[in-house]
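To start, the structure under review is shown below, and the notes come after it.
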Number of protein chains: 4
Amino acid sequence: MDDQDLSPGQRQKSSAILAATRTHFATRGFEPTKLSEVARDAGVAVGTIYLRYSSKAELLAELLAELLAGVEAAFYDAVGTGDIGATPFPERFALIASAVLETARAQPDLPALMALSAFAAPATATPKLAMIGVMEQQLREGIKTGALRPDVDAKLVAHMAHGMVESAMREIMANPTRAPQEIVQHSADAYARWLLAS
Amino acid sequence: MDDQDLSPGQRQKSSAILAATRTHFATRGFEPTKLSEVARDAGVAVGTIYLRYSSKAELLAELLAELLAGVEAAFYDAVGTGDIGATPFPERFALIASAVLETARAQPDLPALMALSAFAAPATATPKLAMIGVMEQQLREGIKTGALRPDVDAKLVAHMAHGMVESAMREIMANPTRAPQEIVQHSADAYARWLLAS
Amino acid sequence: MDDQDLSPGQRQKSSAILAATRTHFATRGFEPTKLSEVARDAGVAVGTIYLRYSSKAELLAELLAELLAGVEAAFYDAVGTGDIGATPFPERFALIASAVLETARAQPDLPALMALSAFAAPATATPKLAMIGVMEQQLREGIKTGALRPDVDAKLVAHMAHGMVESAMREIMANPTRAPQEIVQHSADAYARWLLAS
Amino acid sequence: MDDQDLSPGQRQKSSAILAATRTHFATRGFEPTKLSEVARDAGVAVGTIYLRYSSKAELLAELLAELLAGVEAAFYDAVGTGDIGATPFPERFALIASAVLETARAQPDLPALMALSAFAAPATATPKLAMIGVMEQQLREGIKTGALRPDVDAKLVAHMAHGMVESAMREIMANPTRAPQEIVQHSADAYARWLLAS
DNA sequence: AATGAATGAGAGTTCATTCAT
DNA sequence: GATGAATGAACTCTCATTCAT
């Protein structure tokens, strides 16, 4: 469970296990995932999994924890690249929409995996996705500075704005002829008309 | 499998089976659902389930098919109450948002159940939710009549608009102090600013 | 778990399971006993065992409970046949020794099985074997009536007297050329010389 | 496997392994004993056990062999302290009973360990406990010299006499308020009345 | 010689499915 | 048609044993 004190070979095996687990959990779900197949795909023996994770549920918990940390980092990375604080609002929407999109694209199996959190070992409660929190904060700032309409519920709008991109994302994934940029454009446009103060 | 040739008692048993199945699948998922418990809750013997459905997967397929038909009907009912065709556009958005909301509220287990479609017998491919189709059609009509902006992708927008309400819906469900009408107001407002032609 | 409400066929299967279990537990012990082999020897499927006993430990508990009831009955039967209360003491010893011997002979796997009680489901604590209690009571009566020496500890002597027969029994079992009556004779003789008052 | 050619450090490790093994086998039994725990308690790695003993069964065999040698020595030590050959018979019984008692007290885990011999590597057949052999020999000598009754089967009596002490021993162990000397007194007294020639 | 991570066969247990009643 | 006892394949998890370090 601790990444401390592991040889490179061990760390690599842990990664392989987590990677194989991720694929199986995301595509099949918790119960249908067979540890024997996970082990085979990870190139280790079943017992090796149990050297690191004490049960299937703990394996999921570990995976979710790692995932969440990654998502948070990825989202801040994506948002950060635009130096968002200094960007005025119509453009800022495009940056946020783009960041959500990129994060979701980088982890397309995230919704499927988060849906499994009920099976995880107790410790890992489903955490609120970081992205929605950031959106809400951006909205509040925009409202305070007068750039955005004051007559909306920031939290609810954050959820709605996120759901918008997520849903569009799903349509894009299912329909490979579409360009992902369409989402950014449509979303930024929607945000601007919907939320700008003027 | 055929609703033909069934006595009232038999039809009633089929209903009880599907109802119990629905509860179990929605709250536990596919694999964790035990047919023995479904049978007990339906007040029949396990074997009786197999007289009507040839496997657990087929039982799910049957349930999903019935569900979809119901959702479609419910959505048209909800939209229809406003005589939507005659309603001008800013108000029409509120009607649609309200219909989506009502339909979702009436079938809160729908997302959980639809998520199981991968387990269903092959025949039942995941069907497009009827609501999104209706939205798209409404948008196309609005665009054609000049009420709505022509520079948007109707299909993508339908998905985004639906995702918006769905996501808000989830926030409402998790936060019981909020009033569902907030969603209708916020959504209709967002749709109007985002999509109206002017 | 309840013998009530079982068809003859079911009762017969339960017996077969318990019989096969007994053989395996007695000859191999708890852990080495495989339920798959028990099932095979009982002529049922593994799952059938679990219809009646919720775990391997519960199966053992059930077996021990049945065994104890049987032993107690057998011992009282054996002692009872000689109308022991009316028999004077030198002969009474022979009756008791004979009863212990018969009981032990009828259940030669008893010590091996009782030794497993630590593995049984919690409810079944190891009960004191009935035989020793009866011996002690016989000794007290003999002492009170003056037939037996008063300067011995009845309880300790009961244990010693029982250990004597049990140990001899083991030697007899291991050595098939010996006649079991030797034990009765030797034991009754030993008891008489050791314990009679005169 | 050979005690030859071992450095003091190695010999010490072997001892630690056997000691830990003994505790585990005696308190838990064969199958439930985990070599990983034995290794941990012995302060060595699992692999180190396999440098000395080729399997779990062989480890048990080795332990039993050492144990038997120890018991034999202990019994002769205990008997020998009384210069038994020269002691006349009524007293000789007390010495023997005392020796059996002492030996059993010094190795209270012996019965539990001997019971495992079925699991031991084939080579190690269950060995006759040395004490019974010595008893038998003492009885034969007593009979030959006329000190003891000639009309008893020396071997059977040896078993009975030993079972007597062993059974009393168990009662004493379970009942801590009793004094162990009671056993010696009761046993010697029983032996005398039962077996002396007069 | 010593280590302990890795292995994988095999255990107990569950539950969809069957079929005699 | 309805039942539910019976089935046995397949799951998760354990641990004696091996072997690269």
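Since the model is a prediction, treat every value here as computed from it, not as a measurement. To find a chain, count down the sequence lines: A is the first, B the second, and so on, and within it residues start at 1.
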Legend entry - Under 4.0 Å protein heavy-atom contacts per nucleotide of nucleotides 11-21 of chain F, with B for base, S for backbone only and - for none: SSBBSSBB---
Inset, instruction - For the pair C:T23 (side chain) and C:A19 (backbone), establish whether a donor and an acceptor sit closer than 3.5 Å, ignoring hydrogens and angles. - result: yes
Legend entry - 5'-to-3' dot-bracket of DNA chain F (Watson-Crick, G-U; under 3.5 angstrom; crossing pairs as [ ]; | other strand): .||||||||||||||||||||
Legend entry - Distance in angstrom units between C:F119 CZ and E:dA11 C1', rounded: 15 Å
Inset, instruction - Give the rounded distance in Å between these two atoms: CD1 of C:I49 and P of E:dG12. - result: 9 Å
Legend entry - Residue pair D:T33 / D:R28, side-chain donor-acceptor N/O under 3.5 Å: no
Inset, instruction - Using whole Å, report how far CD1 of C:I17 lies from P of F:dA5. - result: 13 Å
Side-chain donor-acceptor pairs of residues 35-44 of chain B under 3.5 Å, sequence neighbours excluded:
{"from": "B:D41", "atom 1": "OD2", "to": "B:H24", "atom 2": "NE2", "distance (Å)": "2.8"}

Legend entry - Nearest-nucleotide pick for A:Q10, side chain only, options being E:dA6, E:dT3, F:dT7: E:dA6
Inset, instruction - Kindly give the heavy-atom pair with the smallest separation between D:F119 and C:P32, and that separation in Å. - result: CE2-CG, 3.6 Å
Inset, instruction - Ignoring hydrogens and angles, tell me if any N or O in the side chain of A:S54 forms a donor-acceptor pair with the backbone of A:Y50 under 3.5 Å. - result: no
Inset, instruction - Take atom CZ of A:R28 and atom P of F:dA10, then tell me their distance rounded to the nearest Å. - result: 16 Å
Legend entry - Length of the line joining C:H24:NE2 and E:dG12:C1', which is rounded to integer Å: 16 Å
Legend entry - Interatomic distance, C:L51 CG vs F:dG8 P [rounded to whole Å]: 13 Å
Inset, instruction - Using a cut-off of strictly less than 4.0 Å, decide whether A:K13 has a side-chain nitrogen or oxygen near OP1 or OP2 of E:dA5. - result: no
Inset, instruction - With rounding to the nearest 0.5 Å, note down the distance linking CG in C:L18 to CZ in C:R52. - result: 10.5 Å
Legend entry - Side chains of D:L59 and D:L63 in contact at under 4.5 Å (non-hydrogen atoms): no
Inset, instruction - Measure from CZ on B:R40 to P on E:dA16 and round the result to the nearest Å. - result: 13 Å
Legend entry - Under 3.5 Å: donor-acceptor pair, side chain of A:E58, backbone of A:S55: no
Inset, instruction - Output yes when at least one side-chain N/O atom of C:R52 is less than 4.0 Å from OP1 or OP2 of F:dA6, else no. - result: yes
Legend entry - Side-chain donor/acceptor of A:K56 to backbone N/O of A:F30, under 3.5 Å: yes
